[in-house]
Student: 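Dropping the structure in here first, questions after.
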Amino acid sequence: MPLALLALAVGAFGIGTTEFVMMGLLPDVADDLHISIPAAGHLVSAYALGVVIGAPLLAAVTARMSRRTVLIALMALFVVGNALSAFAPGNGSLLAARFVSGLPHGAFFGVGAVVATTMVAPERKARSVSLMFLGLTVANVAGVPVATLMGQHLGWRATFLGVSVIGLVAIASLALLIPRDHTHASATGLRGELAALKSLPVWLALGTTVAGFGALFAAYSYVTPMLTDSAGFAEANVTLLLALFGVGSTAGNLLGGRLADHSLRGTLFGGLASLAVVLAFFPLLMRAEWSAAVAVTLLGMAAFVTGSPLQLMVMEKAAAAPSLASSANQAAFNLANAGGAWIGGLALAAGFGVTSPALTGAALAVLGLGVAGVAYAVDRRRETPSAGRVVTSHLPEESGALHR
């Protein structure tokens with residue numbers, strides 16, 4: 001694997017840290033700005049909104065730029081957004097800064113995935129994407145806990161300054177390690193990138209992302225009350241258990257990348273099926289502390305096995321212009337975050353019990369399997385007649401070549 005993937009992973013580490021650290025800093029931010037916890041929670045939504053809007057928008061407007069330049073510019077915007085967060089005087093300005101911080105998120109992963117796959121042999125494409133995503137999953141294990149502790153002891157503003165420094169390191173790494181000859185602009189330009197989104201297989205792949213990761217967030221958004229109210233953990237131990245989720249997601253991400261290079265669809269189907277099974281057994285596993293710890297680890301592993309296969313599948317379906325579609329997949333991931341949390345909350349509000357969001361997640365994972373199955377059927381249907389047309393159209397040419 002080329003060393004340049006390390007630069008992408010450093011950027012992903014910074015992005016993953018700033019995305020998830022706000023959950024742990026909400027009480028500190030609320031106290032400092034004299035707002036309620038629910039009002040501070042809008043800061044999480046502002047970031048997610050920035051991701052959803054910024055992913056396709058920035059990928060589209062930079063379609064004719066060198067992808068190396070785009071990655072550096074996106075990370076520069078990331079640094080600006082986090083620096084503005086650190087110096088925000090009030091809640092309104094912090095909301096705007098968090099929105100700005102989210103804008104480069106999806107486009108960075110989308111364009112980064114395209115760049116990663118151009119630097120490796122075809123049989124290592126999924127593995128290269130998983131190594132870039134490694135920065136995101138490691139952020140949950142190390143970046144978020146350390147950044148949270150920094151915020152609690154030095155103030156939440158220090159956390160965002162620290163994340164800005166990570167962004168500067170990522171910019172230097174990208175400039176030094178990303179080769180120029182692998183990062184040329186898309187030959188199709190903006191029109192070609194937009195045309196790629198008209199493809200039904202692309203939308204089916206995006207739908208699989210929404211359903212599959214919606215399954216994860218339906219349960220993970222409410223994992224803390226499950227661990228405390230059902231499994232009996234003390235609140236002080238929840239941070240350690242969430243680190244186990246990060247360990248599981250890191251292992252699943254690396255495993256998914258390796259397996260997907262051998263069988264892309266097989267890994268995707270297997271990951272979604274595993275996720276459905278883990279979530280279906282969540283209510284039983286949450287009855288004891290040891291099994292709850294296992295469940296949280298398995299949840300991260302099963303969910304992130306599908307990460308690089310889904311990203312690569314979207315890119316393959318838009319092979320002529322993959323940057324916009326690849327970035328749109330990151331927007332789909334954040335829609336899954338919001339939608340999954342909402343659906344899981346409906347189960348709780350209906351009074352089905354503290355572990356009921358996991359069962360709604362299992363249903364979403366089955367839905368994801370269904371969408372993936374439809375995508376497979378559509379591909380098979382398109383491949384069969386096209387093969388016949390290719391053979392027929394080439395027969396006269398091949399015959400003429402034989403006579404010559």
Side-chain angles (χ1 to χ4, degrees), residues 9-51 54 74-105 108 135-173 220-221 223-225 227-228 233-246 334 337 341:
V10 172
F13 178 80
I15 289 174
T17 300
T18 201
E19 179 181 19
F20 294 110
V21 75
M22 182 55 74
M23 287 77 159
L25 296 178
L26 286 183
D28 304 276
V29 174
D31 288 343
D32 185 50
L33 300 181
H34 308 293
I35 58 177
S36 66
I37 293 289
H42 294 156
L43 296 167
V44 177
S45 302
Y47 184 92
L49 182 62
V51 177
L74 290 172
M75 194 49 58
L77 181 59
F78 170 83
V79 171
V80 170
N82 281 279
L84 289 174
S85 298
F87 294 106
N91 185 46
S93 55
L94 183 55
L95 278 170
R98 287 294 290 170
F99 175 80
V100 172
S101 299
L103 286 174
H105 176 131
F108 182 87
L136 180 66
T137 57
V138 170
N140 282 297
V141 181
V144 173
V146 171
T148 302
L149 287 174
M150 180 187 296
Q152 291 170 347
H153 289 87
L154 301 177
W156 62 269
R157 297 178 187 276
T159 295
F160 291 112
L161 284 177
V163 172
S164 298
V165 172
I166 296 174
L168 292 174
V169 173
I171 289 174
S173 301
Y220 187 66
S221 300
V223 72
T224 296
L227 292 169
T228 55
F233 280 102
E235 288 188 10
N237 295 327
V238 170
T239 301
L240 176 61
L241 290 161
L242 295 183
L244 286 179
F245 172 84
N334 277 269
N337 189 340

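When a residue number appears, it is its place in the shown sequence, counting from 1. Source: prediction; values computed, not measured. Values below: every heavy atom of this structure, side chains too, minus hydrogens, waters and symmetry copies.
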Student: For Ala76, check side-chain contact (heavy atoms from CB on, under 4.5 Å) against everything at least two apart and list the hits.
Tutor: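 Checked Ala76 against side-chain contact (heavy atoms from CB on, under 4.5 Å); matches are Ile171.
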Student: Where the side chain of Thr159 meets the backbone of Met150, is there a donor-acceptor pair that is under 3.5 Å apart?
Tutor: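 Such a contact is absent between Thr159 side chain and Met150 backbone.
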Student: To the closest 0.5 Å, what do you measure between CZ (Phe108) and CE (Met75)?
Tutor: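 Interatomic distance, Phe108 CZ to Met75 CE, rounded to 0.5 Å: 4.0 Å.
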Student: To the nearest 0.5 angstrom, please state how far the OH atom of Tyr47 sits from the CD1 atom of Ile15.
Tutor: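 Output value for this atom pair is 6.0 Å.
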Student: What is the distance from atom CG of Leu43 to atom OG of Ser101, rounded to the nearest 0.5 Å?
Tutor: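 The distance works out to 10.5 Å.
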Student: Output all residues satisfying side-chain contact (heavy atoms from CB on, under 4.5 Å) with Leu241, sequence neighbours left out; order by chain, then residue number.
Tutor: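 Checked Leu241 against side-chain contact (heavy atoms from CB on, under 4.5 Å); matches are Leu227, Phe233, Leu244, Ala293.
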Student: Holding to ring-ring contact (aromatic ring centres under 6.0 Å, His included), I want the full list of residues that pass it with Phe78, two or more places apart in sequence or in another chain.
Tutor: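 With neighbours one apart ignored, the set is empty.
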Student: Kindly assign one of parallel, tilted or perpendicular to the pair Tyr220 and Phe245, based on the angle between their ring planes and the thresholds 30° and 60°.
Tutor: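 Tyr220 vs Phe245 ring planes: parallel.
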Student: Could you give the distance from CG (Leu168) to OG (Ser173), rounded to the nearest 0.5 Å?
Tutor: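 Leu168 atom CG to Ser173 atom OG measures 10.5 Å (nearest 0.5 Å).
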Student: Taking only residues two or more places apart in sequence, or in another chain, which ones meet Ala243 in a side-chain contact (heavy atoms from CB on, under 4.5 Å)?
Tutor: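 Ala243 satisfies side-chain contact (heavy atoms from CB on, under 4.5 Å) with no residue once adjacent residues are dropped.
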Student: Compare all side-chain heavy atoms of Phe20 with those of Thr148 and state whether any distance is below 4.5 angstrom.
Tutor: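 No, every pair of side-chain atoms sits at 4.5 Å or beyond.
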Student: Could you pull out the closest heavy-atom pair between Phe87 and Arg157, with the gap in Å?
Tutor: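 Reported closest heavy-atom pair: C-NH1, 3.6 Å.
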Student: Quick one: closest heavy-atom pair of Asn140 and Gly246, and the distance?
Tutor: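 Heavy atoms of Asn140 and Gly246 come nearest at CB-CA, 4.0 Å.
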Student: Please name all residues satisfying side-chain contact (heavy atoms from CB on, under 4.5 Å) with Ala139, sequence neighbours left out, ordered by chain then number.
Tutor: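 Once residues adjacent in sequence are excluded, the partners of Ala139 under the side-chain contact (heavy atoms from CB on, under 4.5 Å) criterion are Phe13, Thr17.
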Student: If you take all heavy atoms of Gly14 and Ile166, which pair is closest and at what distance?
Tutor: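 Distance-wise, the nearest heavy atoms are CA-CG2, 3.7 Å.
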Student: Test: salt bridge (charged side-chain N to carboxylate O under 4.0 Å, His left out). Region: residues 79-100. Which pairs qualify, not counting sequence neighbours?
Tutor: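 Of all non-adjacent pairs touching residues 79-100, none passes salt bridge (charged side-chain N to carboxylate O under 4.0 Å, His left out).
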Student: For the CG atom of Leu94 and the CD1 atom of Ile35, what is their distance to the nearest 0.5 Å?
Tutor: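 With rounding to 0.5 Å, CG (Leu94) is 7.5 Å from CD1 (Ile35).
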Student: Which atom names give the shortest non-hydrogen contact between Pro89 and Ser93, and what distance separates them?
Tutor: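 Nearest heavy atoms, Pro89 then Ser93: CD-OG, 3.0 Å.
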Student: Does the pair Leu161 and Val165 meet the rule for a side chain to side chain contact (heavy atoms under 4.5 Å, CB included), with working shown?
Tutor: CA-CA 6 Å; Leu161 284 177; Val165 172; 5.9 Å; no
Student: Got a second to check how far His42's NE2 is from Leu49's CG, nearest 0.5 Å?
Tutor: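 Taking NE2 in His42 and CG in Leu49, the distance rounds to 12.5 Å.
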Student: Of all the heavy-atom pairs spanning Asn82 and Ser164, show the shortest one and how long it is.
Tutor: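 For Asn82 versus Ser164, the nearest heavy atoms are CB-OG, 3.3 Å.
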Student: Minimum heavy-atom separation for Phe160 to Thr18, with atom names?
Tutor: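 Where Phe160 meets Thr18 most closely, the heavy atoms are CE2-OG1, 3.9 Å.
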